[in-house]
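Below are the structure tokens for one structure; questions will follow.
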Amino acid sequence: MDALHLIESFVLSARAGSFSAAARRLGMTPAAVSKNVARLEGQLGLRLFHRSTRSLTLTAGGERFLLDVDGPFAALNDAFSRAAEREGTPSGILKVSVAHAFGRQYLVPLLGDFLARYPDVVPDWRFDNRGVDVVSEGFDAAIGGGIELTPGVIARRLAPTYAVICASADYMRARQVPGHPAELATFDAIVRRSGTSGRLRAWDLRNAIGERVNVEARTRMIFDDPEAMAHAVALGYGVALLPMPHAAPLLASGRIQRLLPGWFEEYGGVSIYYSNKKQLPLRTRVFVDHVVHAFEAQRLAAYFDGR
């Protein structure tokens, strides 16, 4: 088993190109992963990585060794996973990636019923606002929007998502309610920066009859987290184009209000992503079904509808 742990550290570091990324997946420190790889190199008498302060790349020998062990390592992991599910009962560690606020608001509450039904499953959830590679990073599932469909991954759509213009009553108290998106140009805009591209996201609004308006609002704040933006709106700092999963609870409570009803931006939607392999662990199958059913039962698709 010790050799298997060393190979696991090597394979995950090679896939991610980083000891730190492999350490996050393994629940170890980067130093411990690096030490495991060094021990493996010592046992093999072969240097596997070129190391520098900025990069980690495979040597020619490391590339050959990865080709030899990657497939068998994945097959062995699958065998362990299947063996852990005793007598057809879902069990084992369920690794899921989900965004911070979305996970807290909509997915953690689903765990009670799920764990009552499947007590041998242990959730190991990673809360992160970045898109993940489900297969290479070893997740059973990921839930969110805009995750790239890499080879071996499929997605089941849970709900469409829309974004709407919002402000607080305090912010609007001394201002005239806009009747058209162009009138937002003089408002204090809380703008979102894309976590992937680093660019500021434009406000490209449309309505039900197909009119489109690109709003050039006066940027007052820039955040990369939609939940922080929603909180800033509630505090009266300005207006923002908020995704409905983050805006809906505040709209329902009256802490913020929607401006320009009928105008919205459509996003790609929320999906659950998982491997397309035939022998998918039973814990993953039942979790996917549970989440899909819960979204349908709670009518979250309608809740996120900003039209």
Side-chain angles (χ1 to χ4, degrees), residues 98-109 127-129 144-146 158-195 197-209 211-270 295 298-307:
V98 64
H100 290 282
F102 187 85
R104 290 194 301 268
Q105 180 74 30
Y106 300 106
L107 294 167
V108 172
F127 291 81
D128 199 337
N129 288 336
L158 298 172
T161 53
Y162 298 85
V164 298
I165 297 292
C166 298
S168 70
D170 284 344
Y171 181 81
M172 294 302 300
R173 187 162 287 118
R175 294 172 174 84
Q176 185 173 352
V177 176
H180 187 273
E183 296 174 28
L184 293 172
T186 60
F187 285 60
D188 299 302
I190 303 169
V191 181
R192 184 175 179 183
R193 185 183 298 281
S194 169
S197 69
R199 297 176 180 174
L200 301 186
R201 294 191 175 181
W203 291 1
D204 185 15
L205 302 178
R206 64 186 180 92
N207 60 19
I209 62 174
E211 295 177 304
R212 300 188 75 109
V213 178
N214 189 274
V215 179
E216 294 187 7
R218 183 179 64 200
T219 300
R220 186 67 182 87
M221 298 179 185
I222 303 170
F223 290 168
D224 68 353
D225 176 55
E227 184 68 10
M229 292 171 62
H231 188 54
V233 170
L235 290 171
Y237 296 161
V239 301
L241 181 65
L242 296 178
M244 280 297 291
H246 303 281
L250 296 175
L251 289 169
S253 68
R255 292 186 62 199
I256 65 175
Q257 62 189 49
R258 181 174 177 179
L259 306 182
L260 300 167
W263 290 90
F264 58 89
E265 183 171 348
E266 185 172 1
Y267 288 176
V270 177
F295 267 64
Q298 297 180 27
R299 297 179 56 81
L300 289 178
Y303 193 53
F304 297 162
D305 194 334
R307 292 172 293 180

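We count residues from 1, following the sequence as given.
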In a table with atom names and distances, give each donor-acceptor pair under 3.5 Å that connects a side chain of residues 214-221 to protein atoms at least two apart or in another chain.
{"residue": "R218", "atom": "NH2", "partner": "T186", "partner atom": "O", "Å": "3.0"}
{"residue": "R218", "atom": "NH2", "partner": "D188", "partner atom": "OD1", "Å": "2.9"}

Practice task
Please name all residues satisfying side chain to side chain donor-acceptor pair (under 3.5 Å) with R175, sequence neighbours left out, ordered by chain then number.
Solution key: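 Only Y171 meet the side chain to side chain donor-acceptor pair (under 3.5 Å) criterion with R175.
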
Handout entry: Which atom of V213 lies closest to which atom of A182, heavy atoms considered
Key =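 Taking every non-hydrogen atom into account, CG1-N, 4.5 Å.
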
Problem - Closest non-hydrogen atom pair between A240 and W203, with its separation - result: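 Here A240 and W203 meet closest at CA-CZ2, 3.9 Å.
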
Problem - side chain to side chain contact (heavy atoms under 4.5 Å, CB included) between L242 and I256, worked out - result: CA-CA 11 Å; L242 296 178; I256 65 175; 4.0 Å; yes

Handout entry: Where M172 and V177 come nearest, the two heavy atoms and their spacing
Key =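 Here M172 and V177 meet closest at CE-CA, 3.8 Å.
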
Handout entry: Partners passing side chain to side chain contact (heavy atoms under 4.5 Å, CB included) against A301 (at least two apart in sequence or in another chain)
Key =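 So A301 forms a side chain to side chain contact (heavy atoms under 4.5 Å, CB included) with A159, P160.
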
Practice task
Only counting residues at least two apart or in another chain, list the ones meeting salt bridge (Lys or Arg N to Asp or Glu O under 4.0 Å) with R255.
Solution key: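 With neighbours one apart ignored, the set is empty.
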
Handout entry: Flag side-chain contact, heavy atom, 4.5 Å: P243 against F304
Key =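 Result no, sub-4.5 Å side-chain heavy-atom pair not found.
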
Handout entry: Which residues share a side chain to side chain donor-acceptor pair (under 3.5 Å) with R199, sequence neighbours left out
Key =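 Checked R199 against side chain to side chain donor-acceptor pair (under 3.5 Å); zero matches.
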
Which donor-acceptor pairs under 3.5 Å do the side chains of residues 222-234 make with protein atoms, sequence neighbours left out?
{"residue": "D225", "atom": "OD1", "partner": "N129", "partner atom": "ND2", "Å": "3.2"}
{"residue": "D225", "atom": "OD2", "partner": "A228", "partner atom": "N", "Å": "2.9"}
{"residue": "E227", "atom": "OE1", "partner": "H246", "partner atom": "ND1", "Å": "3.0"}

List the atom pairs, donor and acceptor, that lie under 3.5 Å between side-chain atoms in residues 258-265 and the rest of the protein, sequence neighbours left out.
{"residue": "R258", "atom": "NH1", "partner": "G306", "partner atom": "O", "Å": "3.0"}
{"residue": "R258", "atom": "NH2", "partner": "W263", "partner atom": "O", "Å": "2.9"}
{"residue": "R258", "atom": "NH2", "partner": "G306", "partner atom": "O", "Å": "2.6"}

Handout entry: By salt bridge (Lys or Arg N to Asp or Glu O under 4.0 Å) - contacts of E266 (at least two apart)
Key =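 For E266, the residues satisfying salt bridge (Lys or Arg N to Asp or Glu O under 4.0 Å) (neighbours in sequence not counted) are R206.
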
Problem - By side chain to side chain donor-acceptor pair (under 3.5 Å) - contacts of R307 (at least two apart) - result: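 Side chain to side chain donor-acceptor pair (under 3.5 Å) check on R307 returns Y162, D305.
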
Practice task
Nearest 0.5 Å please: distance from the CG atom of N207 over to the NE2 atom of H180.
Solution key: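 Between N207 CG and H180 NE2, I get 8.0 Å after rounding to 0.5 Å.
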
Handout entry: Min side-chain heavy-atom separation P249-Q105 under 4.5 Å
Key =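 SC-SC contact between P249 and Q105 confirmed.
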
Problem - Any residue meeting salt bridge (Lys or Arg N to Asp or Glu O under 4.0 Å) with R104, in chain and number order, not counting sequence neighbours - result: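 Not a single residue meets the salt bridge (Lys or Arg N to Asp or Glu O under 4.0 Å) criterion with R104.
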
Practice task
Go through R192 and L200 one step at a time and tell me if the side chain to side chain contact (heavy atoms under 4.5 Å, CB included) criterion holds.
Solution key: CA-CA 6 Å; R192 184 175 179 183; L200 301 186; over 6 Å; no

Handout entry: Listed partners of F295 passing ring-ring contact (aromatic ring centres under 6.0 Å, His included), at least two apart
Key =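 Applying ring-ring contact (aromatic ring centres under 6.0 Å, His included) to F295 gives none.
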
Exercise for the section: Could you tell me which residues satisfy ring-ring contact (aromatic ring centres under 6.0 Å, His included) with F102, sequence neighbours excluded, listed by chain and number? Expected result: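 Testing F102 for ring-ring contact (aromatic ring centres under 6.0 Å, His included), a comparison that skips the adjacent residues, returns Y106.
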
Handout entry: Heavy-atom side-chain proximity of V98 to D128 below 4.5 angstrom
Key =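 In short, these two side chains do not touch, never coming nearer than 4.5 Å.
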
